[in-house]
Amino acid sequence: MSSIRERIAGLNPRQQEAVRFIDGPCLVLAGAGSGKTSVITTKIAYLVLECGMSARRIAAVTFTNKAAREMKERVQSMLPGKSGHGLTVSTFHTLGLNIIRAELKTLGLRPGFSLFDPEDAKALLRDLMNKDAQVDADQINKVQGIISQWKNDLVLPGQALSHAETEDDAYAARVYEHYVRHLKAYNAVDFDDLIMLPATLFERHPEVLAKWRRRIHYMLVDEYQDTNSSQYQLVRMLMAERETFTVVGDDDQSIYAWRGARPENLVQLGEDFPRLNVIKLEQNYRSTSIILNAANTLIANNPHVYEKALWSDKGRGDSIRVIVNRNEEAEAERVASEILTRRIKESAQWRDFAVLYRGNFQARILELKLQHYQIPYKLSGGTSFFSRNEIKDAMAYLRLLINPADDNAFLRIVNVPRREIGPTTLEKLANYASGRGVSLFDACHEMGLQEVLAERAIDRLGRFAHFIDRVRKRMDQNEAMPGIRQMFLEMDYEAWLFQNASSPVVAEKRMANVWTLLDQLEKSMAREDEEADETDDVEAAISRLVLRDILDQQAQEDDTDKVQLLTMHASKGLEFPHVYVMGLEEDLLPHRNAIDAGDIEEERRLAYVGITRARQTLTLTLARQRKAYGEMLNCTPSRFLDELPQEDLDWEGRPDKEDPEKKRERGTSAIAGLRSLLG
DNA sequence: TAGGCTGCGATTTTT
DNA sequence: TCGCAGCCTA
């Protein structure tokens, strides 16, 4: 392990400047592949080891669990002994969660509060909205989106109506009020609250803000261009006094504006902090200069507040190939066979290849072709572990255990597995509970139920409540995990799965998923490191699960030797020796909707992100015809192709320059090439 | 309760 | 047009 001084000496001058500048606000404009993670991690180590700042006073924030985990590992490896103790490296949401945990009382929450994921939140909204009239999923999604936006902009329920511009907004404002009230009654918060509650708390309680300013003296923010308003406000408030922070970002890689990210926060920062020191990292350590030049030329078509030109000393490298195919099937065929031949030619591994595309649907045909050639691949996205029913059930049990006020959790599992507690019983129970102002779970214990429910129903509800109470007691006695495991065995959840699954294999798999979840929970609890602080272990661990932490570690483990299939969005932050970008056509990249909305710039950035993933070779493909909405559409090559340096492009099957006969031959040439290679 | 039928939608998605 | 989700039927 090299010392911190050696490590800094190994950085380029700009990177060193970024690390050493600690006395004021600092914006690092880090181009793709310019070593921004090195800068952040080294800077943290520098602050602790050279500047004598306690790690406890430093908070580094990222957007994904994965990024936080990797960053933490890298920093810890630089900080010997206990010098790294108390360091915060987390996602924005985890930071928010920790603030909320510490300020429960002021926020009017009780210990054990539930964290609703967007699905839970939707379920609640559905309930609320269905009270007026039957509403469809579309309306619920719309309202959920509007409310989420308000929360991101720190608009409180009382203010929402004045922000409403449309009828939908006005309706959403009404739902918003009910929604917030219900969340409070359930002792629950949603994902957006994790940022909004701390931010509004700081606004209204200067003494709380002062406390946190004493706690955090230096902040570092990764992927700053992806911050939304509330996240920026949180950082701004915490750092307003000391002005000691470093944010690292790249406006050219802002591809999440549609999800609330505010790349203009980059400019805002300069206005809010006039002393801002802007440092550009322009040396790229990833790609050949042909690839970089293409990326630069493309992105030069976007307006920039801060100009930036990436360069590299990796040599010119191969030309960028542009392959025009007859249709989307030929395109997929071509990419698959290319990978096959190139792997042998370059003696590369499968994992050296990535295929990027605009929309997930494009992966389908490609999958078929890859399967046909028996090429192993890993598809990003897909149905997540947490959207599985058995996992949602298990999570609902966990939530109810630590938060009996969580009516949503109660309703989900009170009759799962079957306890013969039907809708009529539940409706009467709900009426009773709301009349008495207690939760459904608490209502199960009340004598007054006798007035509204038959004895059999009361008996069943009582047994269920008693069953949960027993586990809660064991949790109090520090036997949480054994208690929880036994709960699943005792209610014979497995038998219920077998009854419901289409096959025993499926049922077994589902039960295994539940055990995996509990294993993860236990592991997370065992990890009683500094972060777990003084708070209750089980609660913290369950929150971690809801925030999807821990789980994606698994995903990494089976990251074996496979071709990566990714959307361009999902590819951000990754790099591959050989990259294929599919579907460079008008209406696809740039996407039709973006063209209609007149927002080409984010699409251009998306293409930029795709291009800059490549280390050695870059291949762009397109189809002349594509099936969409049931009809065969003629495709026009993407305008982005025109924006690339034409002298570095190696066209194959260019529409206007080659006749159709020749193209057909080309389509099969890769296979022929492979055959000759294999002899 | 599994499988069949009908109707709808079709960018990107983390926490 | 095609894939699917959600609903209905045997």
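Chain naming here is simple, since letters A, B, ... match the order of the sequence lines and numbering starts at 1 in each. Just the heavy atoms: all of them, side chains too, but no hydrogens, waters or symmetry mates, feed the values below.
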May I ask you to verify if any side-chain N or O of Asn65(A) is less than 4.0 angstrom from the OP1 or OP2 atom of dT15(B)? yes
Any chance you could lay out the ring pair (Phe, Tyr, Trp, His ring centres under 6.0 Å) test for Phe576(A) and Phe353(A), step after step, and finish with the verdict? CA-CA 6 Å; Phe576(A) 308 89; Phe353(A) 296 89; 9.8 Å; no
Roughly, in whole Å, what's the span from CD in Glu328(A) to P in dT1(C)? 14 Å
Looking only at atom types and distance, does a side-chain atom of Asn403(A) sit under 3.5 Å from a main-chain N or O of Asn187(A), one as donor and one as acceptor? yes
Measuring to OP1 and OP2 of dT1(C), would you say a side-chain N or O of Arg364(A) lies under 4.0 angstrom away? no
Could you check how far NZ of Lys572(A) sits from C1' of dT14(B), rounded to whole Å? 11 Å
Rounded distance (Å) that lies between atom P of dT14(B) and atom CG of Leu95(A): 21 Å
Between dA10(B) and Asn593(A), is there an OP1 or OP2 to side-chain N/O distance shorter than 4.0 Å? no
Measure CD/Gln144(A) against P/dT13(B) and give the value in whole Å, please. 17 Å
Span that lies between the P atom of dT12(B) and that of dA5(C), in whole angstrom: 14 Å
Could you state the atom-to-atom distance from CG of Leu588(A) to C1' of dA10(B) in whole Å? 12 Å
Quick check: on DNA chain B, is the nucleotide nearest Tyr629(A) upstream (toward 5') of the one nearest Leu194(A), or the reverse? Name the residue that is more 5'. Tyr629(A)
Could you tell me if Arg364(A) sits above the aromatic ring of Phe361(A), with its cationic atom closer than 6.0 Å to the ring centre and no more than 45 degrees from the axis? no
Who passes salt bridge (Lys or Arg N to Asp or Glu O under 4.0 Å) against Lys627(A), sequence neighbours left out? none
For the pair made of CG in Asn141(A) and P in dA5(C), what is the distance, rounded to whole Å? 14 Å
Indicate whether OP1 or OP2 belonging to dT14(B) is found under 4.0 Å from a side-chain N or O atom of Thr91(A). no
Length of the CG-P vector between Leu234(A) and dT15(B), whole Å: 18 Å
Atom NZ of Lys627(A) and atom C1' of dA10(B) are separated, to the nearest Å, by 15 Å
Ring centroids of Trp258(A) and dT12(B) base under 5.5 Å with planes under 30°: yes
May I ask you to check whether Gln371(A) and Tyr377(A) show a side-chain donor-acceptor distance below 3.5 Å? yes
